[in-house]
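Below: the structure, in structure tokens.
Chain A is the first sequence line, chain B the second, and so forth, proteins listed ahead of strands; every chain is numbered from 1.
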Amino acid sequence: MEMEIDDTPKPKGEETKGKPIVVILVGAPGSGKSTFCEQVMASSTRPWVRICQDTIGNGKSGTKSQCLKSAASALNDGKSVFIDRCNLDREQRAEFVKLGNPNVDVHAIVLDLPAKLCISRSVKRTGHEGNLQGGKAAAVVNRMLQKKEFPKLSEGFTRITFCQNESDVQAAHNTYSALGPLDTLPNGSFGQKNPDAKIQLGIMRFLKKVEVPANTVSDANSIQSSVSHKNTEEKEPSYKGHDNISSFSGNASKELKEGENLAVCSSGDITKLYSEGGLRCNVIANAANWRLKPGGGGVNAAIFNAAGPALEVATKEQAQSLHPGKAVVVPLPSTSPLFSREGVTHVIHVLGPNMNQHRPNFLNNDYIKGCQILREAYTSLFEGFASIIRTQGKLAKVSNENLDSNPSGAQEVIEGANTKHSPNNDQKSKREHEHDYDRSKKCKGSQDEIGADIPESKIGKVDKNNDKIDGSMTKAWGSWAQALHKIAMHPQTHKDVVLEISDDVVVLNDLYPKARRHLLVLARSEGLDRLSDVSKDHLQLLKTMHNVGLKWVEKFLQEDASLIFRLGYHSVPSMRQLHLHVISQDFDSKNLKNKKHWNSFNTAFFLDSVDVLEEVSSHGKATLRDDESLLSMELRCHRCRSAHPNIPRLKSHISNCQAPFPPSLLQNSRLVLAPCNAGIDP
DNA sequence: GTTCTAGAAC
DNA sequence: GTTCTAGAAC
């Protein structure tokens with residue numbers, strides 16, 4: 001991280017004697033504390049003493065009180081001291097901080113380097129290379145890092161410098177090395193990434209032109225930026241540069257009325273704007289996480305904490321998750337303390353670009369895309385705010401029609417919110433408050449889309465042997481993809497796997513079943529390779545396939561009435577020859593191994609047979625979801641929709657999850673279950 | 001579709 | 001070190 005710090009030592013000519021400093025190093029073993037001290041001491045003209053707990057006992061490990069004593073004595077001699085011990089939690093630091101007084105400044109240097117680096121260094125240093133020792137070192141470092149508490153100015157430090165990488169360390173080294181006996185350094189907290197959210201730092205890093213605020217004051221009560229429309233500039237939005245990160249402008253702001261405030265705080269306590277700042281803010285924006293869950297530290301945690309459980313419930317009513325660039329408006333129930341105490345009527349959750357490489361929409365340093373998403377995020381936010389104003393303007397007008405006019409717009413908003421908090425209105429307004437605006441059309445023409453190479457296999461190139469020319473995007477089937485086609489054409493020669501043969505269909509168990517029961521019903525028509533080949537002429541065949549599937553389901557349900565089935569097609573199958581999947585919804589199978597397996601049955605990629613029948617019947621073809629990204633989407637439970645980080649965890653979850661299926665699956669006979677269970681919520 | 005495996009993540 | 005994913009080959 002870049003540190004924009006005014007580190008020029010400030011000589012104080014009037015003083016004849018400089019102030020000694022206590023510099024408390026904060027960092028895990030292997031973070032480079034000792035090296036830092038030694039290097040500074042080697043080049044500094046200031047007298048330094050390094051107090052190292054590891055060696056203070058005649059070269060051996062000593063105690064904290066020995067360190068304190070030594071430090072006090074060095075300070076008395078007018079020397080500055082480095083406290084070279086881990087000091088990772090507040091309690092560990094407290095007594096060293098007390099060494100400070102009006103004539104002795106206390107600084108912290110936080111060496112917050114990657115755990116991996118600390119571990120490898122500590123392993124090398126002790127000469128215990130090898131698995132066991134390495135593992136132990138890792139365990140020790142990890143344990144320490146889990147408990148770490150970053151220092152805050154409120155602990156009594158006059159200056160804190162955060163270093164997250166080698167160049168930060170080098171910068172800090174330069175600063176302290178250049179510090180002569182009479183020099184002092186500016187007070188404050190420097191170089192800390194926003195402790196609230198990794199995402200925000202990610203954005204800062206991503207926007208290389210952006211200067212990370214050098215002075216990130218850690219004081220929890222400070223409001224770093226609270227913006228009302230009165231302060232916004234009437235200029236066109238441009239979210240590329242640093243001046244746009246915390247400034248808010250755009251058309252939406254023009255719609256705002258006097259006295260209606262939207263607060264967007266990048267950090268600090270946005271939850272006490274009224275009680276501590278006297279600022280009436282009816283709507284607050286939250287830099288949410290994609291799951292729209294509490295926690296994660298920082299603004300998101302603060303808002304959810306302050307709003308109480310009511311916000312979580314209200315949020316879930318609006319949306320389960322959020323895509324980057326989107327916003328969702330959540331009316332805050334009047335039971336929430338944030339409503340009653342602060343007058344906040346709405347929280348707008350908004351999600352910026354995803355900097356987490358483990359998520360499918362990882363930004364991956366795509367600057368242009370990042371700018372688009374940021375623009376979209378701000379637009380969604382303001383659209384959401386504007387919709388609140390519009391809705392409440394009407395409501396307030398109605399409710400205040402016969403009342404004295406109220407000069408305070410903010411008050412109007414609060415009253416309007418009160419009137420609308422009847423359950424019916426909440427339900428009714430649900431849709432109005434969703435702001436998942438898809439602005440992708442506007443982004444068309446961006447470099448990443450125009451410049452994208454289309455793989456040859458995606459263009460209408462055709463393998464004469466096994467594909468036909470239809471002008472659409474088709475691909476050649478690999479040799480491995482022919483198995484079902486061969487079986488459909490010559491079922492008699494595959495009697496070992498085939499369960500049923502008719503003129504129209506062949507039924508077989510999936511060779512690699514993804515659930516306890518997983519059948520394939522193959523169409524026997526030559527040339528009917530997949531759903532995109534289907535036309536109205538095939539409607540009867542599709543019905544036959546569906547009915548054959550249902551017949552087998554019935555059989556399976558007689559054997560095990562607890563099973564629940566779904567019948568459907570993959571939008572883009574891997575195997576040639578149109579085949580209907582008949583699959584039980586336990587997904588209890590060792591063959592279900594990866595994301596693609598899961599998502600091919602549990603996203604829009606899977607098209608329910610009933611829907612296909614309806615579409616082919618009415619439009620003559622099925623609407624395919626030919627979108628590769630569906631297969632790499634995050635892993636979500638098909639029942640409760642919870643997200644899981646990997647397949648093993650997902651499988652462990654689904655083996656226990658008894659939540660009812662989502663409403664969409666409960667409709668239109670998409671799920672098939674035993675008649676005796678039909679009345680029970682599956 | 002699966003298998004294999006490099007390398008990332010933990 | 002083990003677990004897990006994702007891409008290549010088939």
N/O donor-acceptor pairs under 3.5 Å from side chains in residues 498-506 of chain A, not counting sequence neighbours:
unit_1	atom_1	unit_2	atom_2	d
A/Glu500	OE1	A/Lys551	NZ	3.1
A/Glu500	OE1	A/Trp552	NE1	2.6
A/Glu500	OE2	A/Lys551	NZ	3.2
A/Ser502	OG	A/Asp504	N	3.2
A/Ser502	OG	A/Val505	N	3.0
A/Ser502	OG	A/Val505	O	3.3

What's touching nucleotides 8-10 of chain B from the protein side, N or O pairs under 3.5 Å?
unit_1	atom_1	unit_2	atom_2	d
B/dA9	OP1	A/Gln357	OE1	2.8
B/dA9	OP1	A/Gln357	NE2	3.0

* Asked: For A/Asn668, which residues count as a side-chain contact (heavy atoms from CB on, under 4.5 Å) partner, sequence neighbours excluded?
  -> A/Val610, A/Asp611, A/Glu614, A/Arg670

* Sequence-distant partners of A/His485, ring-ring contact (aromatic ring centres under 6.0 Å, His included), two or more places apart -> none

* Asked: Hey, would you say the A/Phe606 and A/Tyr569 ring centroids sit under 6.0 Å apart?
  -> no

* With a non-hydrogen cut-off below 4.0 angstrom, is A/Ile647 in contact with a base, only sugar-phosphate, or nothing? -> sugar-phosphate

* Contacts of A/His518 that satisfy ring-ring contact (aromatic ring centres under 6.0 Å, His included) - sequence neighbours left out -> A/His581, A/Phe601

* **side-chain contact (heavy atoms from CB on, under 4.5 Å) against A/Lys536, all qualifying residues, sequence neighbours excluded** => none

* **Partners meeting side-chain contact (heavy atoms from CB on, under 4.5 Å) with A/Lys596 (sequence neighbours left out)** => A/Ser574, A/Asn594, A/Leu631

* Selection: residues 485-494 of chain A, any non-hydrogen atom under 4.0 Å of DNA chain B -> none

* **For A/Phe304, all residues meeting ring-ring contact (aromatic ring centres under 6.0 Å, His included), sequence neighbours excluded** => A/His349

* Structure fact -> The side-chain hydrogen bond (donor to acceptor under 3.5 Å, both in side chains) partners of A/Ser600 (sequence neighbours excluded) come to A/His570

* Residues in side-chain contact (heavy atoms from CB on, under 4.5 Å) with A/Ser617, at least two apart? -> A/Leu539

Short N/O separations, protein against nucleotides 1-7 of chain B, under 3.5 angstrom:
unit_1	atom_1	unit_2	atom_2	d
B/dG1	OP1	A/Ser574	N	2.8
B/dG1	OP1	A/Ser574	OG	3.2
B/dG1	OP2	A/His570	ND1	3.4
B/dT2	OP1	A/Lys514	NZ	2.8
B/dT2	OP2	A/His597	NE2	2.6
B/dT3	OP2	A/Lys593	NZ	3.1

